[in-house]
2 protein chains.
Amino acid sequence: MEAPIVTGPRYEALLELLRAADAVWNASRAFFARWELSPSQFNVLNVLRDQPLGLNQTELSQTLVMHRSNLTGLVDQLESRGLVRRREAPGDRRSWRVVLTAEGHRLLRAILPPYFERIEAALAHLSLPRARRLATDLRRVRKQALNPNRPDPLSRA
Amino acid sequence: MEAPIVTGPRYEALLELLRAADAVWNASRAFFARWELSPSQFNVLNVLRDQPLGLNQTELSQTLVMHRSNLTGLVDQLESRGLVRRREAPGDRRSWRVVLTAEGHRLLRAILPPYFERIEAALAHLSLPRARRLATDLRRVRKQALNPNRPDPLSRA
DNA sequence: AACAGATTGTTGACACCTAAACAATCCACG
DNA sequence: CGTGGATTGTTTAGGTGTCAACAATCTGTT
């Protein structure tokens, strides 16, 4: 009784994927705490880095893959610290253009070098070709996860 | 001005890791919605599956890698649906032994086949050896993420 | 010009996780 | 015994995400 349930390497890989992402996310939370930033706050700053004209909050939410409503609070927090500013959007009175302030740029310049250094160190054990293959595999997993379209040929016709 | 910032394959892999995990998590949320279960609720049931004596909430929190305080609500929800029961723990009046009810077992038996089928389908494009390598790489990434101790032997002696 | 429908940012309700504090209970050591 | 220090589950507050609904605004069509 209690069928043993065979799991297999693919299931194993999926579990490891979730565990690894969780660990990485927590590590990054600890890393950014030094500057009293959450990972999401950092991501906002990082996305704005090479956007001299800024982005509106909907554009931000799309590149960060999160809901619009999230950006309200996120930008509020960063703005109250003077790292970011809401400018009026020329020609559209509904939206703002969110831009980095000089101080935001300064903070980002301080964070980025140790940030990339830390990432390189954490993945140092992966050769570059292997890192490339890892990225490729993960990209495929993501696309498949998003598309349950496959009418799964297994579901007995 | 604005140093170009070289990212590299390892950084790319890290980003894909986070994105893929997010996609998988969301897909699983959509998947379990059919039975009005959250992924976390499912995980509780799944962990209890092969535990005839049940687990207490601290043990559950350790295997699920989440805080104790979370289990209170999670078990409350499952118990109110009759999927799980809190039994008195023999010899320890502080804790409960959380066990699956017959109905919990029935629900799990209904969920597991399509669950594993779905996972296999989502990762079907990965050959088994490749899935194994993916799991290995992810395991290493997780361990490195948790241990920033390594003074990384590469950092120019 | 004017109206219908889309889009923007905000709000409020909810879910889920963390962390600190608490009472009840266990355990080890004198 | 009995007493001090751990452990268990709960509560509370806080962070971060989702989603639905809303007013303000834009856009396209007539």
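Heavy atoms only: backbone and side chains are in, while hydrogens, waters and symmetry mates are out. All chains are named by letter (A, B, ...) in the order of the sequence lines, taking the proteins before the strands, and each is independently numbered beginning at 1.
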Under 3.5 Å, which protein N or O atoms sit close to an N or O of nucleotides 20-23 of chain D? Give each pair with its distance.
none

Would you check, one step at a time, whether the test salt bridge (Lys or Arg N to Asp or Glu O under 4.0 Å) holds for R106(B) with E103(B)?
-> CA-CA 5 Å; R106(B) 215 171 321 152; E103(B) 185 156 350; 5.0 Å; no
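If you take CZ of R97(B) and P of dT8(D), they are 11 Å apart, rounded to a whole angstrom. Remark: C1' of dC16(C) and CZ of F32(B) are 16 Å apart, rounded to the nearest angstrom. Here the P atom of nucleotide dA6(C) and the CG atom of D92(A) are 17 Å apart, to the nearest Å. Per the geometry, CG belonging to L71(B) stands 13 Å off P belonging to dC16(C), to the nearest Å. If you measure from atom CG of D76(A) to atom P of dG12(C), you get 13 Å, rounded to the nearest angstrom. Rounded to whole Å, the distance from CG on N70(B) to C1' on dG15(D) is 13 Å. The distance between atom CZ of R29(B) and atom P of dC14(C), rounded to the nearest whole Å, is 17 Å. One atom, CG of L74(B), and another, C1' of dG9(D), lie 14 Å apart when rounded to the nearest Å.
Q144(A) places no side-chain N or O within donor-acceptor distance of the main-chain N or O of V141(A), the cut-off being under 3.5 Å. Put simply, the side chain of R97(B) gets close to the backbone of L53(B): a donor and an acceptor are under 3.5 Å apart. T101(A) places a side-chain N or O within 3.5 Å of a backbone atom of G82(A) that can act as its donor or acceptor partner.
Under 4.0 angstrom from either OP1 or OP2 of dG9(D) there lies at least one side-chain N or O belonging to T58(B). In this model, the phosphate group of dT10(D) is approached by a side-chain N or O of T72(B) to a distance below 4.0 Å at OP1 or OP2. OP1 or OP2 of dT10(D) has at least one side-chain nitrogen or oxygen of W96(B) nearer than 4.0 Å. Not one side-chain nitrogen or oxygen of R93(B) sits closer than 4.0 Å to the OP1 or OP2 atom of dT7(D). In this model, the phosphate group of dT10(C) is approached by a side-chain N or O of R86(A) to a distance below 4.0 Å at OP1 or OP2. For the pair Q57(A) and dT10(C), the criterion of a side-chain N or O lying under 4.0 Å from OP1 or OP2 is met.
Side-chain contact annotation: R86(B) with Q57(B), donor-acceptor N/O pair under 3.5 Å present.
Of the two residues contacting DNA chain D, namely G91(A) and N26(B), the nearest-nucleotide position lying further toward the 5' end is that of N26(B).
Scanning both residues, Q41(B) and E36(B), for their nearest heavy atoms gives OE1-O, 3.8 Å. Between A145(B) and A27(A), the closest heavy-atom pair is O-CB, 3.6 Å. When all heavy atoms of L18(B) and A21(A) are compared, the closest pair comes out as CD2-O, 3.9 Å.
Candidate nucleotides dA6(D), dT16(D), dT25(D) were compared by shortest atom distance to the side chain of R94(A), and dT25(D) ranks first.
Under a 4.0 Å N-O distance rule, the pair R85(A)/E79(A) does not qualify as a salt bridge.
Taking the six-membered ring where the residue is Trp, the centroids of F32(A) and Y115(A) are separated by under 6.0 Å.
Remark: S38(A), S40(A) in residues 33-45 of chain A come within less than 4.0 Å of DNA chain D through at least one heavy atom.
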